[in-house]
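Just below is one structure, and these are the notes that go with it.
In this chain, numbering begins with 1 at the start of the sequence shown.
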Amino acid sequence: MEKQIRYIRSHRELIKLFWDVARTVAGARRLGRQNRISRAFSEKIMLAVTGVNECAYCSYLHAQTALEGGVNTTEIQKLLAGELGDFAQEEAVGLMYAQHWADTSGNVSDSVRKRVVDYYGEERTKYIELFIKLVNIGNMCSNTVYAFENN
């Protein structure tokens with residue numbers, strides 16, 4: 001069974017995505033610098049989400065920026081394929097959360113988010129969510145363009 005491309009299906013969905021990203025970006029300005037995540041980890045998160053959303057445009061872009069950020073090609077391939085078995089726990093927890101977030105379109109239960117916060121802390125989790133949401137909206141917009149061009 002072929003997986004159906006994920007894209008924006010209504011104006012309401014687009015507005016919800018933009019509103020969520022805007023709130024997240026505004027909230028990130030208040031976060032402490034000590035809890036930021038590395039460039040390589042942020043790129044891995046974006047690749048994990050892009051792999052779930054199967055965005056061809058973003059796969060290429062984020063593979064390039066991940067290489068520039070120090071991520072090796074094997075890790076890039078694994079992230080785009082959804083394979084997280086070889087990643088260290090300090091990253092795997094966030095990467096699994098990113099995949100789950102994308103797979104559920106952000107409908108993550110409070111208990112799942114709590115486990116991530118228990119592992120990373122609230123501020124670091126918010127940084128992770130910032131990158132998840134930024135790449136997700138990019139994926140959805142790109143996939144929407146792709147879907148309309150190919151139908």
Side-chain angles (χ1 to χ4, degrees), residues 3-73 75-84 87 90-110 112-117 119-149:
K3 190 173 179 180
Q4 189 175 9
I5 189 171
R6 296 166 178 255
Y7 63 92
I8 299 167
R9 299 183 188 277
S10 69
H11 292 89
R12 180 173 285 146
E13 185 178 352
L14 177 63
I15 291 167
K16 181 183 178 296
L17 285 169
F18 273 113
W19 179 246
D20 191 32
V21 168
R23 281 192 330 241
T24 302
V25 169
R29 291 187 179 136
R30 294 186 294 272
L31 296 175
R33 294 185 185 276
Q34 70 277 7
N35 288 306
R36 286 189 179 168
I37 60 176
S38 70
R39 179 177 179 195
F41 187 31
S42 67
E43 287 298 338
K44 289 175 186 180
I45 289 166
M46 291 189 280
L47 284 166
V49 172
T50 297
V52 171
N53 290 330
E54 296 189 43
C55 180
Y57 302 128
C58 296
S59 295
Y60 176 79
L61 170 71
H62 288 290
Q64 293 301 315
T65 56
L67 285 169
E68 293 168 6
V71 180
N72 69 53
T73 55
E75 289 177 315
I76 291 169
Q77 291 168 341
K78 286 182 178 188
L79 287 162
L80 289 173
E83 301 169 9
L84 302 179
F87 290 89
E90 70 183 46
E91 289 184 341
V93 172
L95 296 172
M96 284 186 272
Y97 181 61
Q99 285 180 330
H100 178 66
W101 195 101
D103 193 46
T104 63
S105 300
N107 294 313
V108 175
S109 70
D110 292 340
V112 167
R113 187 175 188 283
K114 182 182 179 327
R115 286 193 301 240
V116 176
V117 170
Y119 189 81
Y120 291 112
E122 183 66 35
E123 284 193 4
R124 196 161 163 90
T125 299
K126 285 183 178 181
Y127 274 116
I128 291 167
E129 290 170 335
L130 171 65
F131 289 102
I132 291 170
K133 292 174 184 182
L134 287 172
V135 75
N136 185 68
I137 196 167
N139 290 167
M140 293 298 100
C141 290
S142 295
N143 281 351
T144 301
V145 169
Y146 179 85
F148 281 104
E149 286 178 346

Kindly give the heavy-atom pair with the smallest separation between Asn143 and Ala56, and that separation in Å.
-> OD1-N, 4.5 Å
Starting from the C-alpha separation in whole Å, work towards a yes-or-no answer on side chain to side chain contact (heavy atoms under 4.5 Å, CB included) for Phe131 and Val49.
-> CA-CA 9 Å; Phe131 289 102; Val49 172; over 6 Å; no
Among Asn53, Val145, Val135, which one satisfies side chain to side chain contact (heavy atoms under 4.5 Å, CB included) with Met140?
-> Asn53
Separation between CG of Leu47 and CG of Leu79, rounded to the nearest 0.5 Å = 5.5 Å
Could you tell me the separation between the CD atom of Glu90 and the CG atom of Leu95, rounded to the nearest 0.5 Å?
-> 10.5 Å
Test side-chain hydrogen bond (donor to acceptor under 3.5 Å, both in side chains), reference Arg6, set Asp103, Asn136, Thr144, output is Asp103
Say you draw a straight line from CD of Glu91 to CE of Met96; how long is it, rounded to the nearest 0.5 Å?
-> 11.5 Å
Any Ile37 side-chain heavy atom under 4.5 Å of Tyr120 side chain = no
Minimal heavy-atom distance between Ile132 and Ala98, with the atoms involved, is CD1-CA, 3.6 Å
Gln99 side, atom CD; Leu84 side, atom CG - distance, nearest 0.5 Å = 4.0 Å
Between Ala147 and Tyr7, which heavy-atom pair has the shortest distance, and what is it?
-> CB-CD2, 3.9 Å
Less than 4.5 Å apart, any side-chain heavy atom of Phe41 and any of Ile128?
-> yes
Grab the two heavy atoms, one from Ala40 and one from Gly69, that are nearest each other, plus how far apart they are.
-> CB-O, 3.5 Å
Count the heavy atoms belonging to other residues, nucleotides or ligands that lie under 6.0 Å from OH of Tyr146, then report whether that count exceeds 12.
-> no
Just jot down the salt bridge (charged side-chain N to carboxylate O under 4.0 Å, His left out) partners of Glu129, sequence neighbours excluded, or say none.
-> Arg113
Heavy-atom closest contact (Cys55 atom, Asn139 atom, distance) = CB-ND2, 3.6 Å
Does anything in residues 17-27 pair up under salt bridge (charged side-chain N to carboxylate O under 4.0 Å, His left out), and if so which pairs, sequence neighbours excluded?
-> Asp20-Arg23, Asp20-Lys133
Can you tell me how far the NZ atom of Lys78 sits from the CG atom of Asn72, to the nearest 0.5 Å?
-> 9.0 Å
About how many Å separate CD of Glu75 and CD of Glu43, when rounded to the nearest 0.5 Å?
-> 12.5 Å
All heavy atoms of Val25 vs all of Leu134, minimum pair found to be CG2-CD2, 4.1 Å
Listed by chain and number, what are the salt bridge (charged side-chain N to carboxylate O under 4.0 Å, His left out) partners of Arg115, not counting sequence neighbours?
-> none
Determine whether Ile137 and Cys141 make a side-chain contact, defined as any pair of heavy atoms from C-beta on separated by less than 4.5 Å.
-> yes
Within 6.0 angstrom of Tyr60 OH, more than 12 heavy atoms from elsewhere = no
